[in-house]
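Because the structure is predicted, anything quoted here is derived from the model rather than measured. Residue numbers run from 1 in the order of the sequence given. Computed from heavy atoms alone, side chains included, the values below leave out hydrogens, waters and symmetry copies.
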Amino acid sequence: EVQVVESGGGVVRTGESLRLSCSASGSSFDDYAVGWFRQAPGKEREGISCISTGDGSSYFQNSVKDRFTISRDNAKNTVYVQMNSLKPEDTAVYYCAAGPNTATLQLGYPDYWGQGTQVTVSS
């Protein structure tokens with residue numbers, strides 16, 4: 001069993017940055033690919049980024065690929081997403097999820113979900 005917890009959300013102004021953290025416990029962190037999803041008010045959930053086990057290969061949606069970066073620190077059992085140049089349309093609840101590989105995450109079938117952290121970007 002794996003527990004996934006997000007942190008780092010908050011309220012920022014347009015153009016500012018945030019770093020979100022996804023911490024996992026209960027099993028080997030190296031066994032899991034990790035993805036970030038978000039859901040804006042009144043919108044469907046969308047995947048924005050994921051990172052593989054081990055080698056740290058990463059993938060991004062086009063809407064964020066030039067502004068966000070994802071990384072992992074296996075020693076700390078943590079995955080980060082650095083979000084730069086934030087825009088009001090980035091406002092959403094951000095969720096971390098873990099699965100066996102990035103393909104599974106990209107297909108929308110993670111094994112474990114966090115409870116989300118709110119990111120609000122003011123105009």
Side-chain angles (χ1 to χ4, degrees):
E1 186 73 21
V2 174
Q3 305 295 324
V4 180
V5 180
E6 307 95 335
S7 62
V11 180
V12 298
R13 293 172 292 182
T14 297
E16 294 183 340
S17 299
L18 280 174
R19 187 181 72 168
L20 305 183
S21 298
C22 173
S23 297
S25 62
S27 188
S28 175
F29 186 71
D30 289 344
D31 290 341
Y32 298 95
V34 176
W36 286 96
F37 299 78
R38 67 185 182 186
Q39 187 166 22
K43 302 293 182 65
E44 295 182 355
R45 185 190 66 201
E46 63 172 345
I48 59 169
S49 183
C50 60
I51 188 166
S52 70
T53 61
D55 68 0
S57 299
S58 59
Y59 307 88
F60 298 91
Q61 291 285 358
N62 287 337
S63 62
V64 305
K65 65 179 182 180
D66 295 326
R67 300 183 293 120
F68 292 9
T69 58
I70 189 168
S71 61
R72 65 190 300 159
D73 185 340
N74 289 334
K76 296 182 178 180
N77 295 326
T78 301
V79 168
Y80 307 94
V81 58
Q82 177 69 40
M83 307 187 297
N84 298 323
S85 301
L86 285 164
K87 306 173 182 179
E89 52 262 45
D90 295 318
T91 295
V93 177
Y94 283 71
Y95 298 91
C96 182
N101 52 61
T102 55
T104 299
L105 294 174
Q106 290 173 299
L107 290 170
Y109 299 102
D111 292 327
Y112 304 100
W113 288 94
Q115 293 301 306
T117 186
Q118 176 71 46
V119 172
T120 301
V121 184
S122 63
S123 299

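Between K43 and Q39, the shortest heavy-atom contact is O-NE2, 3.1 Å. Listed here is the closest heavy atom pair of V34 and C22: CG1-SG, 4.1 Å. Shortest non-hydrogen contact noted between A24 and V2 is CB-CG1, 4.3 Å. Here the closest heavy-atom approach between residue L105 and residue C50 is recorded as CD1-CB, 4.0 Å.
At least one test fails for R38 against the ring of Y94: distance under 6.0 Å to the centre or angle within 45° of the axis.
Within the 3.5 Å criterion, the main-chain N or O of Y59 finds a donor-acceptor partner in the side chain of S49. For T78 (side chain) and K76 (main-chain N/O), a donor-acceptor pair under 3.5 Å exists by modelled atom type. When atom types are taken as modelled, the side chain of S52 and the backbone of S57 share a donor-acceptor pair closer than 3.5 angstrom. Without hydrogens or angle criteria, Q61 side chain to K65 main chain gives no donor-acceptor distance under 3.5 Å.
Annotation: side-chain hydrogen bond (donor to acceptor under 3.5 Å, both in side chains) contacts involving residues 5-15, sequence neighbours excluded, comprise R13-E16.
Rounding to the nearest 0.5 angstrom, the gap separating the CZ atom in R67 from the CD atom in Q82 is 12.0 Å. Taking OG from S17 and CZ from F68, the interatomic distance works out to 9.5 Å, rounded to the nearest 0.5 Å. Taken from OG1 in T69 to CE in M83, the straight-line distance is 10.5 Å, to the nearest 0.5 Å. Taking CH2 of W36 as the start and SG of C96 as the end, the distance is 5.0 Å to the nearest 0.5 Å. Taking CD1 of I51 as the start and OG1 of T102 as the end, the distance is 10.0 Å to the nearest 0.5 Å.
Side chain to side chain, S23 and N77 fail the donor-acceptor criterion of an N or O pair below 3.5 Å.
No path of Ile, Leu, Val, Met, Phe, Trp and Tyr side chains, each step under 4.5 Å between heavy atoms, connects Y95 with V4, placing them in separate hydrophobic clusters. Residues F60 and I48 are members of one and the same hydrophobic cluster, defined by side-chain heavy-atom contacts under 4.5 angstrom among Ile, Leu, Val, Met, Phe, Trp and Tyr. V119 and F37 sit in two unconnected hydrophobic clusters of ILVMFWY residues. Membership requires side-chain heavy atoms under 4.5 Å apart, directly or through other members. Linking ILVMFWY side-chain heavy atoms closer than 4.5 Å, directly or via other members, places V121 and V64 in a single hydrophobic cluster.
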Per-pair distances, 0.1 Å, donor-acceptor, side chain in residues 107-115, under 3.5 Å, sequence neighbours excluded:
none

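When each of D73, I70, L20 is tested with Y80 by the rule side chain to side chain contact (heavy atoms under 4.5 Å, CB included), just one qualifies, namely D73.
V93 has its side chain out of reach of T117: every pair of non-hydrogen atoms, C-beta onward, lies at least 4.5 Å apart.
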